[in-house]
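Keep in mind that this is a model prediction, so the values were computed, not measured. Within every chain, numbering begins at 1; the chains are lettered A, B, ... in the order of the sequence lines, protein sequences first and strands thereafter.
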Amino acid sequence: MESTIKKALLENSEALFGTAIEEKSIQFQKTRKDVEGDLTLVTFPFVKILRCSPVDAGNKIGAFLTDAIDEIDSCEAINGFLNIVLSDAYWINKLDLVSKDTRFGFSAPDSKPTVMVEYSSPNTNKPLHLGHLRNNFLGYSVAEILKANGHKVVKTQIINDRGIHICKSMLAWERFSPLDESGKRETPESTGMKGDKLVGKYYVIFDKEMNSEAKEIISSWEEGNFDGFDADVEAEVKRLIASKEGKDEKAISGIDSKIKEIAKNQTSLLNDAKEMLVKWEGRDPQVYLLWTTMNSWVYDGFEKTYDMMGVDFDKLYYESDTFLIGKDLVAEGLSKGVFYKKEDSSVWADLADEGIDDKLVLRSDGTAVYMTQDVGTAVDRYKDYPDLDGIIYTVGNEQDHHFKVLFLILKKLGYAWAHNCFHLSYGMVELPKGMGRMKSREGTVVDADDLMEDIIVQAQEMTQERGHIDGMTDEQKRSLYELIGLGGLKYYLLKVDPKKKLVFDPGESIELNGNTGPFIQYAHARIKSLLAKSEEESSLEGVTSFLPEEKSIVKQLVEFEQVVKDAGSNHSPALIANYTYELVKQYNHFYQSVTILKEENTQLRAMRLLLSENVAKVVSMSMGLLGVNVPERM
RNA sequence: GGGCUCGUAGCUCAGCUGGAUAGAGCACCUCCCUUCUAAGGAGGCGGUCUCAGGUUCGAAUCCUGACGGGCUCACCA
């Protein structure tokens, strides 16, 4: 409709305005709720051309449009706004179109290029936490939204299965895990623990043990005892200790943490872990076996968590594979002059012309860094999927700089697709003030499994209170609780703009009233119950007009198509969530103000059923885009 | 210190390609189940849109600066 009006105005601009007008001066906006109208044209831009008041301009344009376009019933100019009223026939036709299209709002599958969406990408040394939940739900949802926009989508992750952090867990397990009577160490089987939890436990133990060792070292340093330490360490520490003299509290704590950092590097534990990493890179059989064993425990644990989250992947990448590709690419880039080598034989990317500090891509000992493997992974992916149009990296905003650099390096290496790589950067999930920051090493995380289970229990309690679950089997009840709990959690994490940080108080339970998942799920269940009770078919037969409550729903339904597009181009599930909330609110208002099943006029009843049916359809589709399921009953 | 980013009601958030009286939810206060699921609906209370300038017919929205928060600038990942 907007384009019809625009076209009419442009084609008749000479007659109307006496001159050609620019397309951008034709601006539409939503009509205010308290004014009559379906669409509003802003008339301020025409005031200068017509040299009259905004209202006069509106009246003139309004008269023309009412005359020129059939679907326009009337127009009213208020201040600088021309409110256009469209005919009921127009809206009836729109509803008919929505109703007949089972995939309304979605583009034809595979009609757009292939896109890869990376999300989750955990380290294999610790369990998934709240931050991962936001990451996974966001990545999964964006993938679904892109599919709805016609893209072919490959869901993937890069598993950080290599590096010093894994060796820490391995070493701690080898050293501190208790032996049973047959001389065996703890396993997921022997303890009944989820594999990722068991490995994570030893990661924490490692950190604890290393810290206490570091503490001893520091106290001996403070006593002036530097036996067994390198001369340059001794000199540096002495310099730092001396520099504390006369400083304020804040500066001292800064210096102390520097000393602590040095001490940690001197612990036998950390040095043993480093040694283990070297052995791993050398494919030492014993270390390699331990590595595969402990990783497999973690994967088993992750699988359960992903299953509960309702997310999945089409293709997995492992850092232990791609870091080698990355090293080759560094060698290649070195020969092409993209990188340069320093005297200590470390390799760097020169980014001075971009105004960024040079970036290390290979350590002086020849081992790979984070950047090395990410370059390798990207190239590997384009090799696997030659028709790939772009990669979307769902990674927290603390890595904004990393991805900026990564994409630059890929560009410098000559990959034209580099400009199609996109960092879907989302804000951190923060704990309320005073609770500190989530850190796995310190055990101050909100565990993903625990949180999901808590919210399911909460959903269970609420559902039992309301009681619409008579006649359900225990299994059905349990899956309903999961559906509601996880729906609530997903909606809670997705309704906020991904770019913004999000405050989460683990002490307070997640709200399930108001703008929430269950609010929307409930509306869906209520419609389904209504439809189940009705005996006749829904239809638009004989309908000639709408009540305001009905029309506002039709308008909102029609907008779904554009919202899906916007959510795709903005990578924002939040747009879908907010849209659906608005739709459901309008429906609830309608539901309470008119009767449906008990309406005596058959045609009216059939139309309201059709309206309800389509609200349920769109709610179900839009929630599907968020990974939220909707129940038939609740 | 440099870069990026955020600052809207007591709290959590919409609105941000400039447009009418800045919207929701929670919390608090009223009402509404002998109509289809009250996890609902109707209403009330609550705002110098951090501050100061600028651009404009018009600024929460764009620009500049200040203040405050977060992230980042590692031979960690």
Q: With syn defined as a glycosidic angle within 90° of 0 and anti as everything else, classify B:rC33.
A: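 Syn, which is what one calls it when the glycosidic angle falls within 90° of 0.
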Q: Over how many whole Å does the gap from A:E559 atom CD to B:rA14 atom P extend?
A: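 Result: 19 Å.
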Q: Hey, would you say the A:Y370 and A:H402 ring centroids sit under 6.0 Å apart?
A: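 So the answer is yes for these two rings.
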Q: Quick check: on RNA chain B, is the nucleotide nearest A:L362 upstream (toward 5') of the one nearest A:N578, or the reverse? Name the residue that is more 5'.
A: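 It is A:N578, whose closest nucleotide lies nearer the 5' terminus.
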Q: How about A:F422 and A:H571: are their ring centres within less than 6.0 Å of each other?
A: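 Distance test on ring centres: under 6.0 Å, yes.
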Q: Determine the contact category for A:H468: base if any of its heavy atoms lies under 4.0 Å from a base atom, sugar-phosphate if only primed atoms, P, OP1 or OP2 are that close, otherwise nothing.
A: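 Touches a base.
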Q: Can you tell me, in whole Å, how much space there is between the C1' of B:rA9 and that of B:rU50?
A: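 It comes out at 14 Å once rounded to the nearest Å.
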Q: Which nucleotide sits closest to the side chain of A:K500: B:rA77, B:rU37, B:rC6?
A: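 Nearest nucleotide to the side chain: B:rC6.
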Q: For the pair made of CH2 in A:W348 and P in B:rA74, what is the distance, rounded to whole Å?
A: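 Interatomic distance, CH2 of A:W348 to P of B:rA74: 8 Å.
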Q: If each of A:A368 and A:P498 is mapped to the nucleotide of RNA chain B with the nearest heavy atom, which maps nearer the 5' terminus, i.e. the 5' end?
A: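 Its nearest nucleotide being more 5', the pick is A:P498.
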Q: One pair to check against side-chain hydrogen bond (donor to acceptor under 3.5 Å, both in side chains): A:T124 and A:N295. What are the steps and the verdict?
A: CA-CA 6 Å; A:T124 55; A:N295 271 347; 3.0 Å; yes
Q: Base, sugar-phosphate or nothing for A:F519? Non-hydrogen atoms, less than 4.0 Å.
A: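 Sugar-phosphate, backbone atoms only, no base.
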Q: Whole Å only: how far is the CG atom of A:D400 from the P atom of B:rA77?
A: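 Atom CG in A:D400 sits about 19 Å away from atom P in B:rA77.
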Q: Name the nucleic acid region contacted by A:T40, choosing base, sugar-phosphate or nothing; use a 4.0 angstrom heavy-atom cut-off, strictly under.
A: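 Answer is base: heavy atoms of A:T40 come under 4.0 Å of a base.
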Q: With a 3.5 Å limit on both atom pairs, tell me what B:rC4 is paired to, counting Watson-Crick and G-U wobble, or say none.
A: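 Check on B:rC4: paired to B:rG70, both distances under 3.5 Å.
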Q: Looking across every strand, which nucleic acid part, if any, lies under 4.0 Å from A:Q399 by heavy atom: base, sugar-phosphate, or nothing?
A: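 Here A:Q399 touches the bases of the nucleic acid.
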Q: Would you verify whether the NZ or CZ of A:K341 falls within 45 degrees of the ring axis of A:W348 while also being under 6.0 Å from that six-membered ring's centre?
A: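 No; the conditions do not both hold, so A:K341 does not lie above the ring face of A:W348.
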Q: I want to check one thing: is the phosphate of B:rA42, taken as OP1 and OP2, less than 4.0 Å away from some side-chain N or O of A:H589?
A: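 Checking A:H589 against B:rA42: at least one side-chain N or O falls below 4.0 Å of OP1 or OP2.
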Q: Remember a base hit wins even if backbone is also touched, and classify A:E582 as base, sugar-phosphate or nothing at under 4.0 Å, heavy atoms.
A: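 The answer is nothing, as A:E582 stays clear of every strand by at least 4.0 Å.
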Q: Are the side chain of A:T367 and the backbone N or O of A:R363 linked by a donor-acceptor pair below 3.5 Å?
A: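 Side chain of A:T367 to backbone of A:R363, a donor-acceptor pair under 3.5 Å: no, none is there.
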Q: How would you label the contact of A:N513 with the nucleic acid (heavy atoms, under 4.0 Å): base, sugar-phosphate, or nothing?
A: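 Sugar-phosphate only.
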Q: Give one of base, sugar-phosphate or nothing for A:I484, where a contact means two heavy atoms less than 4.0 Å apart.
A: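 Base, at least one base atom sits under 4.0 Å.
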Q: Would you classify A:N83 as touching base, sugar-phosphate or nothing, given that sugar-phosphate means primed atoms plus P, OP1 and OP2, and contacts are heavy atoms under 4.0 Å?
A: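 Answer is base: heavy atoms of A:N83 come under 4.0 Å of a base.
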Q: With a 4.0 Å cut-off on heavy atoms, is A:Q29 in touch with a base, just the backbone sugar-phosphate, or nothing at all?
A: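 A:Q29: base contact, heavy atoms under 4.0 Å.
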Q: Which whole-number value in Å describes the distance from A:Q458 CD to B:rA39 C1'?
A: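 About 12 Å, once rounded to whole Å.
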Q: In this structure, how many angstroms lie between the C1' atom of B:rC71 and the NZ atom of A:K404, rounded?
A: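 Answer to the nearest Å: 14 Å.
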Q: When the aromatic ring centroids of A:F44 and A:F81 are compared, is their separation below 6.0 Å?
A: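 For A:F44 and A:F81, the ring centres are under 6.0 Å apart.
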Q: Heavy atoms under 4.0 Å, any strand shown: does A:K499 hit a base, just sugar-phosphate, or nothing?
A: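 The answer is nothing, as A:K499 stays clear of every strand by at least 4.0 Å.
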Q: Just to be sure I understand the rule, does A:S593 reach a base, reach only the sugar-phosphate, or reach nothing, if contact means heavy atoms closer than 4.0 Å?
A: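 Answer is nothing: A:S593 stays at 4.0 Å or more from every strand.
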Q: Quote, to the nearest angstrom, the P distance that separates B:rG15 from B:rG54.
A: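 Taking atom P in both B:rG15 and B:rG54, they lie 29 Å apart.
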Q: Taking the side chain of A:V496 as its heavy atoms from C-beta onward, which of B:rC13, B:rA77, B:rC73 lies nearest to it?
A: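 Selected nucleotide: B:rC13.
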Q: Taking NZ from A:K342 and P from B:rA74, how many angstroms apart are they, rounded to a whole number?
A: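 These atoms are roughly 11 Å apart.
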Q: Can you measure A:F44 atom CZ to B:rG19 atom P for me and round it to whole angstrom units?
A: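 One finds 11 Å between P of B:rG19 and CZ of A:F44, rounded.
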Q: Looking across every strand, which nucleic acid part, if any, lies under 4.0 Å from A:V594 by heavy atom: base, sugar-phosphate, or nothing?
A: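 Since a base atom lies under 4.0 Å of A:V594, the category is base.
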Q: Kindly confirm or rule out a cation-pi arrangement of A:R162 over A:Y318, judged by NZ or CZ under 6.0 Å from the six-membered ring centre and within 45° of its axis?
A: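 Negative - A:R162 is either too far from the ring of A:Y318 or too far off its axis.
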Q: Looking for any heavy atom pair under 4.0 Å, which part of the strands does A:Y591 touch: base, sugar-phosphate only, or nothing?
A: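 Answer is base: heavy atoms of A:Y591 come under 4.0 Å of a base.
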Q: Report the distance from atom CG of A:N578 to atom CG of A:D497, rounding to the nearest 0.5 Å.
A: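 Output value for this atom pair is 9.5 Å.
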Q: Counting only Watson-Crick pairs (N1-N3 plus N6-O4 or O6-N4) and G-U wobbles (N1-O2, O6-N3), all under 3.5 Å, who is the partner of B:rC62?
A: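 Across all strands, the one nucleotide that pairs with B:rC62 is B:rG54.
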Q: Is A:D497 touching bases, backbone alone, or none of the nucleic acid, heavy atoms closer than 4.0 Å?
A: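 Since only primed, P, OP1 and OP2 atoms lie under 4.0 Å of A:D497, the category is sugar-phosphate.
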Q: Which nucleotide sits closest to the side chain of A:R526: B:rG70, B:rU37, B:rA39?
A: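 Ranking B:rG70, B:rU37, B:rA39 by closest atom to the A:R526 side chain puts B:rU37 first.
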Q: Identify which nucleotide among B:rU37, B:rA77, B:rC36 has an atom closest to any side-chain atom of A:L597, counting heavy atoms from C-beta outward.
A: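 Between B:rU37, B:rA77, B:rC36, the one nearest the side chain of A:L597 would be B:rC36.
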Q: Does A:Y581 stack onto the base of B:rA24, taking stacking as ring centres under 5.5 Å apart and planes under 30° apart?
A: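 A stacking contact does not exist, since A:Y581 is not both close and nearly parallel to the base ring of B:rA24.
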Q: At under 4.0 Å, does any side-chain N or O of A:T595 touch on OP1 or OP2 of B:rC36?
A: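 So the side-chain polar atoms of A:T595 never come under 4.0 Å of the phosphate oxygens OP1 or OP2 of B:rC36.
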